[in-house]
Amino acid sequence: MRVKIHHEGTGILIAVLAILLILLVPLWVWVRPLGLAIAATAISAVFYSFAVNFFRSPRRVFTGNPVNAVVSSADGTVVALEETFEDEYLHCRCIQLSVFMSILNVHANWFPVNGEVVYINYHPGRFMAAYLPKSSTENERSTVVIRTPEGQNVLMRQIAGAMARRIVTYARPGDEASIEDHMGFIKFGSRVDLYLPLGTEILVKIGDKTIGGITEVARLKPSVNA
């Protein structure tokens, strides 16, 4: 089966492959016995397979009812689920739902809801471990707010981790958001926070595994104006 690579990783994978070949070819040509070359090639193949897995760009289709659905923005593990105060844009108490992506997860990020992008803001910051609570407000991060067709605001925050050094956000104010579309990418271990209105029905618990663009993590309370 053909593996589609995210364009954020194409250049990196080509560079890594070139470096590995530069290191391995001399071992096969000049070093005897071949045990060292065989071992080095096996280790390189495993390393490269992890890199390819990291930069995979799977096409996913949500098969549930999209009305009021909140779908995970990332592959990973639910690490936080609590009521908190969001003070950047929403300025109210919300439900925070956080998914941590390990280095083994696909790192493309999907829109969590259908709607319109109404706000985006990038914040430089630190690079603490992404699973720590303070990473939500102190790490490098990018905030995106989507207004659903029913008029509810859902805030999504991409957070860099200890190994991440680049957050990529494709969304721009006025863009149409679809839960089947990529909205960004985070290079290496990281986290995505969702801030949902109080009263939202939560469908996951801490420790659950999620699949970006597929796993329905919550369902918004129907708007009285819908």
Side-chain angles (χ1 to χ4, degrees), residues 60-101 108-123 130-139 141-159 169 171-184 186 190-226:
R60 292 171 178 168
V61 178
F62 179 65
T63 57
N65 179 4
V67 178
N68 292 319
V70 181
V71 180
S72 179
S73 291
D75 292 9
T77 304
V78 178
V79 294
L81 187 56
E82 61 187 0
E83 184 178 324
T84 188
F85 190 85
E86 201 294 309
D87 199 29
E88 178 180 349
Y89 181 88
L90 301 175
H91 305 297
C92 64
R93 297 199 68 79
C94 308
I95 299 173
Q96 178 185 337
L97 192 160
S98 303
V99 173
F100 174 74
M101 295 172 281
N109 299 148
W110 283 258
F111 286 105
V113 292
N114 293 331
E116 179 186 357
V117 178
V118 296
Y119 174 85
I120 180 171
N121 195 18
Y122 168 79
H123 305 267
Y131 56 80
L132 296 174
K134 285 188 176 182
S135 66
S136 294
T137 55
E138 295 187 16
N139 276 22
R141 60 201 181 277
S142 182
T143 300
V144 177
V145 178
I146 304 104
R147 182 165 296 145
T148 71
E150 291 74 33
Q152 301 188 75
N153 289 327
V154 172
L155 186 148
M156 171 185 175
R157 183 168 290 142
Q158 298 170 285
I159 301 170
T169 304
R172 294 293 180 269
D175 285 355
E176 179 181 353
S178 169
I179 54 180
E180 295 184 358
D181 290 342
H182 290 168
M183 61 74 56
I186 310 178
S190 42
R191 163 176 164 174
V192 171
D193 289 350
L194 298 180
Y195 291 84
L196 309 170
L198 295 181
T200 297
E201 179 185 6
I202 303 301
L203 304 177
V204 293
K205 61 184 182 301
I206 291 179
D208 283 357
K209 303 295 183 182
T210 64
I211 301 175
I214 297 292
T215 304
E216 187 174 357
V217 295
R219 184 157 287 277
L220 298 172
K221 185 177 180 181
S223 171
V224 294
N225 298 319

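In what follows, residues are counted from 1 in the order of the sequence shown.
Across all their heavy atoms, Asp75 and Gly212 have their closest contact at OD1-N, 2.7 Å. Closest approach of Ser142 to Ile120, counting heavy atoms only: OG-CG1, 4.4 Å. Residue Pro149 comes nearest to Gly115 through the heavy atom pair CD-CA, 4.0 Å, listed as atom of the first residue, atom of the second, then distance.
For Thr210 (side chain) and Val78 (main-chain N/O), no donor-acceptor pair under 3.5 Å exists by modelled atom type. When atom types are taken as modelled, the side chain of Thr77 and the backbone of Lys209 share no donor-acceptor pair closer than 3.5 angstrom. When atom types are taken as modelled, the side chain of Gln152 and the backbone of Lys221 share a donor-acceptor pair closer than 3.5 angstrom. The backbone N or O of Ile179 sits less than 3.5 Å from a side-chain atom of Asn114, completing a donor-acceptor pair. Remark: the backbone N or O of Glu150 is paired with a side-chain donor or acceptor of Thr148 at under 3.5 angstrom. Side-chain atoms of Asn109 never come within 3.5 Å of backbone atoms of Ala74 as a donor-acceptor pair (strictly under, hydrogens ignored).
Going from atom CG of Asn153 over to atom CD of Glu116 covers 10.5 Å, rounded to the nearest 0.5 Å. Atom CD of Glu180 is separated from atom OG1 of Thr63 by 9.5 Å, given to the nearest 0.5 angstrom. Note that CG of Leu97 and OG of Ser73 are 9.5 Å apart. Values are rounded to the nearest 0.5 Å. Here Glu88 contributes atom CD and Leu155 contributes atom CG; the two are 6.5 Å apart, rounded to the nearest 0.5 Å. In this structure, the separation between CZ on Phe62 and OG on Ser178 is 11.0 Å, given to the nearest 0.5 Å.
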query: How far apart are the C-alpha atoms of Ile146 and Phe111, what are their side-chain angles, what is the distance that settles it, and do they pass the side-chain contact (heavy atoms from CB on, under 4.5 Å) test?
result: CA-CA 8 Å; Ile146 304 104; Phe111 286 105; 4.2 Å; yes
Salt bridge (charged side-chain N to carboxylate O under 4.0 Å, His left out) assessment of Glu86 paired with Arg157: CA-CA 11 Å; Glu86 201 294 309; Arg157 183 168 290 142; 2.9 Å; yes
- prompt: After noting the C-alpha distance and the side-chain angles of Leu196 and Val217, does the key distance pass the side-chain contact (heavy atoms from CB on, under 4.5 Å) rule?
  reply: CA-CA 11 Å; Leu196 309 170; Val217 295; 5.6 Å; no
- request: Run the numbers on Trp110 and His182 for side-chain contact (heavy atoms from CB on, under 4.5 Å), then give the verdict.
  value: CA-CA 4 Å; Trp110 283 258; His182 290 168; 3.4 Å; yes
- request: Begin from the C-alpha positions of Arg172 and Val117 and carry the test side-chain contact (heavy atoms from CB on, under 4.5 Å) through to its verdict.
  value: CA-CA 7 Å; Arg172 294 293 180 269; Val117 178; over 6 Å; no
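With Ile95 as the fixed residue, the side chain to side chain contact (heavy atoms under 4.5 Å, CB included) test singles out one of Val70, Thr84, Ile202, Leu194: Ile202.
Side-chain contact between Val118 and Tyr89 is present, with at least one heavy-atom pair separated by less than 4.5 Å. Side-chain contact check for Met183 versus Thr169: some heavy-atom pair is nearer than 4.5 Å.
Donor-acceptor pairing under 3.5 Å is recorded for the side chains of Gln96 and Ser98.
Atom CD1 of Ile211 has 12 or fewer heavy atoms from other residues, nucleotides or ligands within 6.0 Å.
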